Amino acid sequence: MIAAMNSCADQLVENLNSFATTKESFDAKEVTAAYSMDVTARTIFGAEVNSQQDPQNPVIVHAKRAFNPNFNNPLMWLWMVFPNIAKPLFETFNYHPFTTRDVTDFFYGVMEQLLAMKKTDGGKGRVDLLQIMIDAHQESDDGSTSGPKVVGKRQPLTRDDIVGNGIGFFSGAFETVSITMSFALYHLALDQEVQDRARQEIREVAGSEGEVGYEAVQKMSYLEMCIMETLRLYPLVSNIQRVANEEARLKWITVPKGMRVMVPAIAIHYDPARWNEPRKFNPERFTKEEREKRNPMDWLPFGVGPRNCIGMRLALLELKVGLARALMKYRFVTGPETVPVKLNKWKTFPTPMEPIRLRVEPVD
Ligand code: HEM
């Protein structure tokens with residue numbers, strides 16, 4: 001997938017180049033969202049899209065619709081407030097207020113095309129998640145998909161599993177990566193010393209232009225520290241949720257079976273008892289030595305345990321490739337239009353009240 005990421009990063013660099021030429025400021029989130037959308041479409045659905053040049057591409061249009069729930073829809077509120085009544089009722093009519101029928105039909109269509117291609121060429125050369133799931137799919141003897149064969153203890157994926165997971169991956173991947181990348185660029189623009197150090201490391205391991213390889217990315221430990229610190233300050237999921245599947249005793253509290261438990265990741269990330277000057281951006285907190293000294297539960301941006309983020313490695317790779325390719329050639333700076341970030345508390349994901357506006361300059 002690193003090749004796909006690099007080819008999406010080519011477009012990112014081209015976009016930055018146009019801002020460097022005109023010397024205009026740009027909305028960091030718009031630029032990182034285009035990169036993230038391209039990488040996500042490529043790595044999950046194997047679709048080559050160019051969201052900056054071709055925003056009407058059907059994959060982009062349907063993906064955006066799938067992940068932009070319309071809160072003005074009264075049926076959505078019915079579904080959220082009275083799930084016990086609304087869910088079975090909606091299921092009877094094959095309706096879901098979050099994902100409309102035409103969106104799921106579109107992704108079923110994509111999957112059917114891939115299944116057909118797999119029959120002719122075996123899916124050769126494709127390395128996206130959809131293809132990986134299709135490889136794990138097995139038709140029943142009669143060719144239907146409703147009752148897949150059980151092989152030993154492993155149950156092959158059905159068509160519904162594939163499409164459902166494809167849409168789930170997409171929603172987990174797109175916004176999370178672009179938001180993290182935009183906040184990272186903001187802090188690198190504010191702290192030129194940190195940015196220079198990250199660039200120096202990138203150039204040492206990957207040169208000053210062209211693709212970055214997998215091995216080089218693994219050596220970018222300072223860049224990784226910058227990303228980890230960004231994720232500490234802006235965790236995408238502020239509260240990790242679990243349901244106790246058995247009664248548990250935690251010091252003086254008994255959590256009964258079935259109770260919903262919320263772990264406030266954001267409060268832990270800003271807790272002065274765990275983090276010195278918690279509001280300060282300081283990648284040094286993530287040196288190997290510092291990490292070894294710390295309780296691993298103090299940093300929870302990807303959750304924890306068997307249901308933690310399944311896309312963590314993919315996300316870190318995508319962030320490192322995008323940031324490395326951008327920093328290799330450009331210096332990110334603030335301008336008169338850059339305002340200090342203040343988060344909008346009404347948004348689910350960390351979202352600044354005002355867009356993060358930055359400028360870029362070429363570096364030698
Ligand atoms: C910076 C980027 C990302 C962040 C911060 C992030 C964060 C998270 C968090 C906090 C959870 C819940 C974990 C828990 O409850 O313990 C989660 C779950 C999940 N994430 Fe991510 N994520 C990111 C990128 C991605 C990507 C790129 C993918 C796509 C492959 C992805 C797919 C998922 C899925 C499918 C789940 C549900 C896993 C399950 O329920 O077993 N995420 N993510």
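Ligands are counted one by one from 1 in listed order, and the atoms in each one are counted from 1 as well. Positions are given from 1 along the sequence. This structure is a prediction, so every number in the text was calculated from the model and none was measured.
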Problem set entry | Which of the ligand 1 atoms, numbered from 1, are nearer than 4.0 Å to a heavy atom of Phe169 | 29 (C), 30 (C), 35 (C)
Seminar exercise, completed: Counting from 1 in the order shown, the ligand 1 atoms closer than 4.0 Å to a non-hydrogen atom of Arg242 are 14 (C), 15 (O), 16 (O)
Problem set entry | Protein contact to atom 7 (C) of ligand 1 [nearest heavy atom, distance to 0.1 Å] | Pro301 O, 3.4 Å
Exercise. Can you check whether Val304 has an N/O within less than 3.5 Å of an N/O in ligand 1?
Worked result: yes
For this session: Quick one: sort the Phe170 and Phe174 rings into parallel, tilted or perpendicular, breaks at 30° and 60°.
Result: tilted
For this session: Apply side-chain hydrogen bond (donor to acceptor under 3.5 Å, both in side chains) to Thr351 and list each qualifying residue two or more places apart in sequence or on a separate chain.
Result: none
Exercise. Is the CD1 atom of Ile310 crowded by more than 12 outside heavy atoms at less than 6.0 Å?
Worked result: no
Exercise. Counting heavy atoms only, which of Glu318, Arg307, Gln241 comes nearest to atom 40 (O) of ligand 1?
Worked result: Arg307
Problem set entry | Residue Ile240 vicinity, atoms of ligand 1 by number, heavy atom under 4.0 Å | 10 (C), 14 (C), 15 (O), 16 (O)
Exercise. Does a sphere of radius 6.0 Å around CZ in Arg249 hold more than 12 heavy atoms from other residues, nucleotides or ligands, not counting ones at 6.0 Å or beyond?
Worked result: yes
Exercise. Taking the six-membered ring of Trp275 as reference, does the NZ or CZ atom of Arg232 fall below 6.0 Å from its centre and within a 45° cone about the axis?
Worked result: yes
For this session: Quick one: list whatever passes ring-ring contact (aromatic ring centres under 6.0 Å, His included) with Phe281, sequence neighbours left out.
Result: His187
Problem set entry | Leu314 CG to Leu129 CG distance, which is reported to the nearest 0.5 Å | 6.5 Å
Exercise. Got the closest protein heavy atom to atom 38 (C) of ligand 1, with its distance?
Worked result: Asn308 O, 3.8 Å
Problem set entry | Partner residues of Glu211 under the salt bridge (Lys or Arg N to Asp or Glu O under 4.0 Å) criterion, sequence neighbours left out | none
Problem set entry | Thr40 and ligand 1 - part of the residue with a heavy-atom distance under 4.0 Å | neither
Exercise. Just which atoms of ligand 1 are under 4.0 Å from any heavy atom in Thr180?
Worked result: 1 (C)
Seminar exercise, completed: In this structure, CG of Leu188 is separated from CG of Leu223 (nearest 0.5 Å) by 8.0 Å
Exercise. Under 4.0 angstrom from atom 13 (C) of ligand 1, is there any protein heavy atom?
Worked result: yes
Seminar exercise, completed: Paired with Pro235, the side-chain contact (heavy atoms from CB on, under 4.5 Å) test is passed by just one of Leu300, Thr180, Ile266, namely Ile266
Exercise. Near atom 21 (Fe) of ligand 1, which protein N/O/S atoms are found at less than 2.8 Å?
Worked result: Cys309 SG
Seminar exercise, completed: Here the pair of heavy atoms bringing Arg291 nearest to Phe286 is CD-O, 3.1 Å
